[in-house]
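Values in this document were obtained by computation on a predicted structure and should not be read as measured data. Residue numbers begin at 1 in each chain, while the letters A, B, ... track the order of the sequences.
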Amino acid sequence: MALIEIQHLTKVFGTGADRVTALEDVSLRVEDGDIFGIIGMSGAGKSTLLRCLSMLEKPTSGQIVLDGSDLAAMNGAQLRAERRKMGVVFQGYNLLMQKTVAENAAFPLKLEKGFDKAAVAARVDELLELVGLADKAGAYPAQLSGGQKQRVAIARALATKPEILLCDEPTSALDPLTTKAMLALLADINRKLGVTILIITHELSVVRRICGRVAVICDGRVAETGTVSQVFENPRSEVTRLLLSEKEA
Amino acid sequence: MGAFFAEYGSILWAGTLETLYMTLVSAFFAYVLGLPMGVVLTITKPGSIAPAPRFNAVFGWVVNILRSLPFIILMFFIIPFTRALVGTSIGATAALVPLTLSAAPFIARMVEQSLEEIDHGVLEAAQCMGATKWQIVTRVLLVESVPSLLRGLSISLITILGYTAITGSVGAGGLGNIAFRYGYQRYQTTVMYATVVLLILLVCIIQILFDRLARRADKRNR
Ligand SMILES: Nc1ncnc2c1ncn2[C@@H]1O[C@H](COP(=O)(O)OP(=O)(O)OP(=O)(O)O)[C@@H](O)[C@H]1O
Ligand SMILES: [Mg+2]
């Protein structure tokens, strides 16, 4: 069953002369348990797609169906509840700088009314163990490396046991070795917790390494989609060929 | 020196306490008004968490107009209101009313500036976690900006301290009043210099104390 189904999603920014169509008639299915890659050149609309999925941007038209219900039609408390089924890992981490690693991971759990303190503490221990930061619980983000901050962001995104993890360029700021470790962590999370993962990237190697399926987007449209081997071995679109040739160059 | 303190020491000490009383109490009430105003100014901006551009523009103008009213004019202007509120228009307690009212819009802008420093991405992250607007304000905006708010607080206190000296000239007590009575009306300039030294000391203490507090509170630089 498809966990997320994006149907005819269009996002237009601005009006008149400033009008930019960032996404046009995008339709995608992300299956439950998959690691799905979205790849494209700069300005293709990848971040906009992620922002629409997390409802930070209201789609101009189209549907985003999560678990059978359309996010684009939701508001208020209903949307807030639905959002807790998604974890978002932002490109710039977006951690609370005045809070410790443990407090950052606990943040989403403490938003719930009448949360159980002991349960939150136990869950935080579990999360930090999972991302390999148990020894940094009391550190502040400013004391961490980029890779470690990313791990905190992942722990925080997983706190509410979401069904899907959305990651925007999770490795673009990391060196090759740290990138490898990060991708291993994501694959591990997918396997152990059964969380569906959607990764946005401009790096072919990221998709090759951990994704099952991939969508190539270009100028706000889906150029092609399929399994990673299908798409990369038999590219049917110009962009895919371009992405592949860039890798070899 | 000894003779000077024997004669004026207790007056200067009482004046210092009165100045501190007026400064701290009116700062407290000014923050009660100004902090929510600053929050509202920030979150109703276009693109923020509760965008209301028209309201924001109007409210911004109101705050600006209130800020541009010179303190001494405001003080006389609101005398009827002050009387109705505290029963009198003279003395330190009566001075709290104009001090509070004139500091509040100033504080609103200071708070706004502090909150603006916070990366919008952090607010979006909280939104994605399902936080309500209230939770974003109380747990992200006001928490992440604590060091900056503390620095703003020291500027506000020093500004209010300066205003108290003006209220002193119309009989509200405090160091300003002593300087006025002895220095201006009786030409006892030594007393006036003493009040100036005390005011400078107060400003320095506030500055150093809050700089230290802000640095301690800030977890970004260690
Ligand atoms: N808030 C906005 N207002 C106006 N235009 C926007 C806005 N956000 C994005 N766009 C435009 O939409 C298009 C897609 O941008 P987007 O950020 O989604 O690209 P991207 O694929 O993430 O690129 P990159 O790899 O550089 O991050 C761009 O032309 C961009 O200028
Ligand atoms: Mg992007």
Side-chain angles (χ1 to χ4, degrees), chain A residues 13 47 50-58 71 74 76-101 103-113 115 138-144 152-153 156-160 162 164-166 168, chain B residues 35 39 42-54 111 113-153 210-222:
Chain A
F13 289 110
S47 295
L50 184 121
R51 291 176 62 81
C52 285
L53 286 174
S54 53
M55 280 294 135
L56 288 171
E57 301 283 358
K58 203 107 184 144
L71 294 181
M74 285 182 198
Q78 200 187 9
L79 179 59
R80 282 198 299 277
E82 212 62 24
R83 272 177 155 160
R84 296 176 75 77
K85 295 187 189 168
M86 297 190 289
V88 187
V89 179
F90 296 89
Q91 193 167 356
Y93 320 120
N94 292 348
L95 300 176
L96 298 160
M97 299 305 284
Q98 307 294 353
K99 298 270 184 192
T100 63
V101 167
E103 287 168 336
N104 266 282
F107 186 86
L109 301 169
K110 290 186 175 169
L111 296 174
E112 273 164 286
K113 256 193 215 136
F115 65 87
Y140 289 93
Q143 301 167 306
L144 303 180
V152 180
R156 184 177 69 173
L158 289 172
T160 54
I164 184 162
L165 194 61
L166 309 173
D168 194 359
Chain B
L35 189 73
V39 169
T42 310
I43 64 172
T44 55
K45 270 187 204 155
S48 191
I49 57 168
R54 268 209 213 139
V111 168
Q113 224 170 53
S114 295
L115 301 186
E116 293 247 293
E117 285 171 25
I118 294 171
D119 184 2
H120 190 60
V122 184
L123 308 186
E124 290 190 332
Q127 264 175 323
C128 285
M129 292 179 237
T132 60
K133 291 182 172 89
W134 177 253
Q135 286 174 326
I136 293 177
V137 168
T138 55
R139 303 190 193 188
V140 183
L141 269 179
L142 292 177
V143 174
E144 286 288 287
S145 60
V146 161
S148 179
L149 286 172
L150 283 173
R151 286 193 191 94
L153 177 55
F210 280 87
D211 260 0
R212 222 184 253 182
L213 277 177
R215 230 175 307 132
R216 265 247 199 111
D218 200 346
K219 312 298 185 196
R220 282 172 302 184
N221 40 21
R222 45 174 79 200

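If you measure heavy-atom distances from A/Ser54 to chain B, the contacts under 4.5 Å come from both the backbone and the side chain. If you measure heavy-atom distances from B/Gln135 to chain A, the contacts under 4.5 Å come from the side chain alone. Of the two parts of A/Leu56, only the side chain, counted from C-beta on, holds a non-hydrogen atom closer than 4.5 Å to a non-hydrogen atom of chain B. At a 4.5 Å heavy-atom cutoff, A/Leu79 makes no contact with chain B through either its backbone or its side chain. Heavy atoms closer than 4.5 Å to chain A are found nowhere in B/Ser145, neither backbone nor side chain.
Note: B/Glu124 CD to A/Arg51 CZ = 4.0 Å, rounded to the nearest 0.5 Å. Of the inter-residue distances, the one linking B/Met129 atom CE with A/Lys110 atom NZ reads 13.0 Å to the nearest 0.5 angstrom. To the nearest 0.5 Å, atom NZ of residue B/Lys219 and atom NZ of residue A/Lys99 are 10.5 Å apart.
Among all heavy-atom pairs drawn from B/Ala217 and A/Gln98, the shortest one is O-OE1, 3.5 Å. Minimum interatomic distance between B/Gly130 and A/Leu111 (heavy atoms only, all atoms of both residues): C-CD1, 4.3 Å. A pairwise comparison of heavy atoms in B/Arg220 and A/Ala142 identifies O-CB, 3.0 Å as the closest pair. Among all heavy-atom pairs drawn from B/Ala126 and A/Phe107, the shortest one is CB-CE2, 4.1 Å. The shortest heavy-atom contact between A/Met97 and B/Glu144 is N-OE1, 2.8 Å. Here the shortest heavy-atom pairing between B/Val122 and A/Asn94 reads N-CG, 3.9 Å.
In this structure, A/Leu96 and B/Arg139 have side chains that are not in contact, with every pair of non-hydrogen atoms separated by 4.5 Å or more.
When the shell of 6.0 Å around NZ of B/Lys133 is examined, it contains 12 or fewer heavy atoms from other residues, nucleotides or ligands.
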